[in-house]
Amino acid sequence: MSTLRFRRTALAVATAAVLPFALAACSDAGKNSAAAPAAGDSAAAAASSPAMDQSMTMDKPFGPACAGVPATGAGSFDGMAKDPVATAASHNPALSTLVAAVKQAGLVDTLNNAKDLTVFAPTNEAFAKIPKADLDKVLADKAQLTKILTYHVVGQKLTPKQLENGSFDTLEKGKITTTGSGTSYQVNDTSQVVCGNVPTANATVYIVDTVLMPK
């Protein structure tokens with residue numbers, strides 16, 4: 001009889017000793033489960049990461065001068081995407097000097113009928129950096145004007161990724177170099193892209209703040 005009581009007492013003591021540890025383990029497991037993020041939360045966090053945001057940005061026009069592009073109409077991004085490049089540029093007031101130069105050189109049909117181009121399009125302010133006497137002289141010399149304008153054109157569509165460290169042949173038969181990343185790019189280390197990755201029906205346009213001069 002005393003042996004039976006002893007066994008019961010020992011069992012009770014063992015149970016009392018083990019029970020707190022078991023309850024603590026259950027409590028820790030609950031905390032760990034609550035702290036661990038759900039798979040859906042992880043996926044959502046990854047989807048909103050800066051890398052994903054940058055990738056999405058690079059599919060669209062970018063740069064400070066893009067804010068000046070009309071939201072609707074033929075001069076908007078959607079409108080320009082429907083027209084060949086020379087026609088599309090004519091709808092953008094910031095490119096009126098370039099368009100006049102293209103007409104003066106007789107390059108409208110050449111640019112509009114070509115396929116898969118990249119055009120580095122200088123703004124009106126870019127042309128204004130050239131002394132007026134020099135600019136007038138160039139505009140009056142069709143051969144020189146054609147040489148300068150075709151130096152701004154590459155015979156393939158270039159993505160922003162390709163501009164990070166690129167060297168490309170131009171229609172003028174010269175070469176241009178590009179550097180940069182994200183939404184900041186330079187051409188020939190002198191001209192900054194101020195509105196890039198603008199689609200037209202037959203070309204991608206990168207609007208730049210300085211006229212490029214062939215070497």
Side-chain angles (χ1 to χ4, degrees), residues 61 63 65-66 68-70 73-160 162-163 166-178 185-188 190-215:
C66 291
V69 175
S76 67
F77 292 129
D78 287 341
M80 291 179 69
K82 298 174 183 177
D83 291 323
V85 63
T87 301
S90 70
H91 297 309
N92 189 327
L95 301 177
S96 60
T97 304
L98 172 63
V99 172
V102 168
K103 290 179 179 178
Q104 181 76 11
L107 293 174
V108 172
D109 289 340
T110 299
L111 294 177
N112 276 349
N113 294 328
K115 294 183 179 180
D116 296 333
L117 300 177
T118 292
V119 177
F120 294 94
T123 62
N124 296 341
E125 289 77 9
F127 281 99
K129 292 180 181 180
I130 303 173
K132 186 177 186 304
D134 293 340
L135 180 59
D136 289 344
K137 184 177 180 180
V138 169
L139 291 174
D141 186 341
K142 186 174 180 179
Q144 181 65 13
L145 181 59
T146 299
K147 183 179 177 70
I148 292 173
L149 293 176
T150 54
Y151 183 66
H152 289 74
V153 183
V154 174
Q156 60 176 306
K157 286 187 177 181
L158 301 176
T159 66
Q162 289 174 284
L163 300 188
S167 177
F168 309 101
D169 294 327
T170 71
L171 296 192
E172 182 268 335
K173 306 302 182 185
K175 279 187 177 292
I176 61 169
T177 60
T178 57
Y185 295 92
Q186 281 192 329
V187 186
N188 287 355
T190 59
S191 190
Q192 188 76 28
V193 174
V194 293
C195 183
N197 206 31
V198 178
T200 71
N202 67 326
T204 300
V205 176
Y206 291 88
I207 300 174
V208 294
D209 67 356
T210 304
V211 176
L212 306 172
M213 291 297 181
K215 299 177 181 179

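Everything numeric here is computed off the predicted structure, so don't read it as measured data.
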Can you tell me how far [atom2] of [Y] sits from [atom1] of [X], rounded to the nearest 0.5 angstrom?
X	Y	atom1	atom2	result
T178	L163	OG1	CG	4.5 Å
S90	L95	OG	CG	9.5 Å
S191	Y206	OG	OH	13.5 Å
L158	T118	CG	OG1	3.5 Å
N113	N202	CG	CG	8.5 Å
S76	K82	OG	NZ	7.5 Å

Margin query: Whether the side chain of Q192 engages the backbone of V194 through a donor-acceptor N/O pair (distance < 3.5 Å, no angle test) should be reported.
Written below: no
Heavy atoms only: give me the nearest [X]-[Y] pair and the separation to one decimal.
X	Y	answer
A203	V85	CB-CB, 3.8 Å
V187	V208	CG2-CG1, 4.3 Å
P122	A126	CB-CB, 3.7 Å
P199	P61	CD-CG, 4.2 Å
G155	L117	CA-CD2, 4.1 Å
K157	A201	NZ-O, 4.4 Å

Side chain to side chain contact (heavy atoms under 4.5 Å, CB included) filter on N188, not counting sequence neighbours, yields Y151, I176, T177, T190, L212
Side chains of [X] and [Y], heavy atoms from C-beta outward: is any pair under 4.5 Å?
X	Y	result
K147	L171	no
Q156	D116	no
L145	L139	yes
C195	F77	yes
H152	T170	no

request  = Verify side-chain contact (heavy atoms from CB on, under 4.5 Å) between F120 and V153, making sure each step is shown before the conclusion.
outcome  = CA-CA 6 Å; F120 294 94; V153 183; over 6 Å; no
message = Apply side chain to side chain donor-acceptor pair (under 3.5 Å) to residues T87 and N112 and explain how you reach the verdict.
response = CA-CA 7 Å; T87 301; N112 276 349; 3.1 Å; yes
Can you confirm whether the side chains of [X] and [Y] place a donor and an acceptor under 3.5 Å from each other?
X	Y	answer
T210	K129	yes
T123	D209	no
N197	T204	no

Exactly one of L149, L98, I148, T97 clears side chain to side chain contact (heavy atoms under 4.5 Å, CB included) with V211, and that residue is I148
_NZ/NE/NH1/NH2 to OD/OE distance under 4.0 Å, K137 and D141_ =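 A salt bridge is absent here (no side-chain N lies under 4.0 Å from a carboxylate O).
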Is there a side-chain contact (heavy atoms from CB on, under 4.5 Å) between V205 and T200 once you walk through the steps? CA-CA 7 Å; V205 176; T200 71; 3.9 Å; yes
